[in-house]
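Order of listing sets the numbers, starting from 1, for every ligand and every atom in it. Just so it is clear, the structure is predicted and the values come from calculations on it, not from any experiment. Counting begins at 1 with the first residue of the sequence.
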Amino acid sequence: MARTYAIVNQKGGVGKTTTAVNLAAIAAEQGLRVLLVDADPQANATSGMGIDRSNLEACIYDILVADPDSLSSDTVEGIICHGPLDLLWVLPATIDLAGADMSLATSIAREQRLRRALSCLANQYQIVIIDTAPSLGLLTVNSLTAADTVLIPIQCEYYALEGLSQLLHVVRLVQADLNPSLRIEGVVLTMYDGRTNLSRQVAEQVRTHFPGRVLDTVIPRNVRLAEAPSHGLPAVLYDSHCSGSMAYRALAKEVFTGEKEGSGKRS
Ligand code: ADP
Ligand code: MG
């Protein structure tokens, strides 16, 4: 089975999609077969991979609301699109996904729809990365239920820690009831600006709050990361050598192999 990562934080604008899209592209560049799952109705991961949502006849919504017993590898594969690298595929979203919480409200096994759909794919992908919506609703619960590992991007700004206790509470509920093997890989500090006291203070505060859980790699604020989506490319393909791309490569190394850049120590 593929190793599955959910990139989660119910706050919007913290760098979830940027993290998901770039980690997916880096893994594919490194020769792994990667599926990026877009579980956010805003569909930024889909468009960020250069996929035109208006041309899609079906999206992740259709497999979430389908009768789980009717799903096959062919039905799920039929919705998957090829991304901008040979080994990179995307299970896309469209705005239709905004109706998922309502449509699934009274459905059987409603929290396990994504897990069941991905399990149809057997060994076709080695890494699955799920970009999640800015909420703790059913879509995010589906993402956590389908995942092995959670990665939490935190923006180095005021109120960074706000809402994290609810997020951890939901992770614990999912661990208790739906997915006991779910693990928190850690917190990724994003949009760090070393010139400001604020970024340094927030980083310190987050490290104090999550001792040993904050990944060593810090993602800097870098305009190339913000420009890349308008070109329909992950930043690591748009500008391979910018500071943001370099940081995401270091993060990929840390997340996928457990290795650190530089010192080799675990914090
Ligand atoms: P989320 O998915 O959590 O809502 P995004 O990844 O979409 O967050 O990021 C929010 C906005 O900030 C986007 O416009 C994105 O391009 C930009 N952005 C993300 N990370 C960085 C960064 N490290 N430096 C500069 N801009 C960033
Ligand atoms: Mg997003």
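At a 4.0 Å heavy-atom cut-off, ligand 1 touches Thr18 through backbone and side chain alike. Of all the heavy atoms of Pro134, none lies under 4.0 Å from any atom of ligand 1, so neither backbone nor side chain is involved.
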For this session: Would you check, one step at a time, whether the test salt bridge (Lys or Arg N to Asp or Glu O under 4.0 Å) holds for Asp193 with Arg221?
Result: CA-CA 6 Å; Asp193 183 347; Arg221 191 169 274 288; 5.4 Å; no
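Among residues two or more places apart in sequence or in another chain, the salt bridge (charged side-chain N to carboxylate O under 4.0 Å, His left out) test is passed with Glu111 by none.
Within a 4.0 Å radius of atom 13 (C) of ligand 1, the protein has no heavy atom. Within the 4.0 Å cut-off (strictly below), a protein heavy atom is located near atom 23 (N) of ligand 1.
Atom numbering of ligand 1 starts at 1 in the shown order; those under 4.0 Å from a heavy atom of Val14 are 1 (P), 3 (O), 8 (O). Listed by number with element, the atoms of ligand 1 under 4.0 angstrom from any heavy atom of Ile219 are 23 (N).
The pair Glu29-Arg249 meets the salt-bridge criterion, since a charged nitrogen lies less than 4.0 angstrom from a carboxylate oxygen. Between Lys16 and Asp131, none of the side-chain N atoms (NZ, or NE/NH1/NH2) sits under 4.0 Å from a carboxylate O, so this pair counts as no salt bridge. Residues Arg207 and Glu204 are not paired through a salt bridge, judged by the lack of any N-O separation under 4.0 Å between the basic side chain and the carboxylate.
Within a 6.0 Å sphere centred on NE2 of His231, heavy atoms belonging to other residues, nucleotides or ligands number more than 12.
For atom 8 (O) of ligand 1, the nearest protein heavy atom (residue, atom name, distance) is Gly15 N, 3.0 Å.
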Would you be so kind as to tabulate the donor-acceptor pairs closer than 3.5 Å made by side chains of residues 51-72, with sequence neighbours excluded?
{"residue": "Asp52", "atom": "OD1", "partner": "Ser54", "partner atom": "N", "Å": "3.0"}
{"residue": "Asp52", "atom": "OD1", "partner": "Ser54", "partner atom": "OG", "Å": "2.6"}
{"residue": "Asp52", "atom": "OD2", "partner": "Ser54", "partner atom": "OG", "Å": "3.3"}
{"residue": "Asp52", "atom": "OD2", "partner": "Asn55", "partner atom": "ND2", "Å": "3.4"}
{"residue": "Arg53", "atom": "NH1", "partner": "Gln42", "partner atom": "O", "Å": "3.1"}
{"residue": "Arg53", "atom": "NH2", "partner": "Ser47", "partner atom": "OG", "Å": "3.4"}
{"residue": "Tyr61", "atom": "OH", "partner": "Ser103", "partner atom": "OG", "Å": "2.8"}
{"residue": "Asp62", "atom": "OD2", "partner": "Cys59", "partner atom": "N", "Å": "2.8"}
{"residue": "Asp67", "atom": "OD1", "partner": "Asp69", "partner atom": "N", "Å": "3.0"}
{"residue": "Asp69", "atom": "OD1", "partner": "Arg116", "partner atom": "NH2", "Å": "3.0"}
{"residue": "Ser70", "atom": "OG", "partner": "Asp67", "partner atom": "O", "Å": "2.7"}
{"residue": "Ser72", "atom": "OG", "partner": "Asp74", "partner atom": "N", "Å": "3.3"}
{"residue": "Ser72", "atom": "OG", "partner": "Thr75", "partner atom": "N", "Å": "3.2"}
{"residue": "Ser72", "atom": "OG", "partner": "Thr75", "partner atom": "OG1", "Å": "3.3"}

Compile the donor-acceptor pairs under 3.5 Å between side chains in residues 79-98 and protein atoms, sequence neighbours left out, one pair per line.
{"residue": "His82", "atom": "NE2", "partner": "Leu85", "partner atom": "O", "Å": "3.2"}
{"residue": "His82", "atom": "NE2", "partner": "Asp86", "partner atom": "O", "Å": "2.9"}
{"residue": "Thr94", "atom": "OG1", "partner": "Asp96", "partner atom": "N", "Å": "3.1"}

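Protein N/O/S atoms closer than 2.8 Å to the Mg ion (ligand 2): Thr17 OG1.
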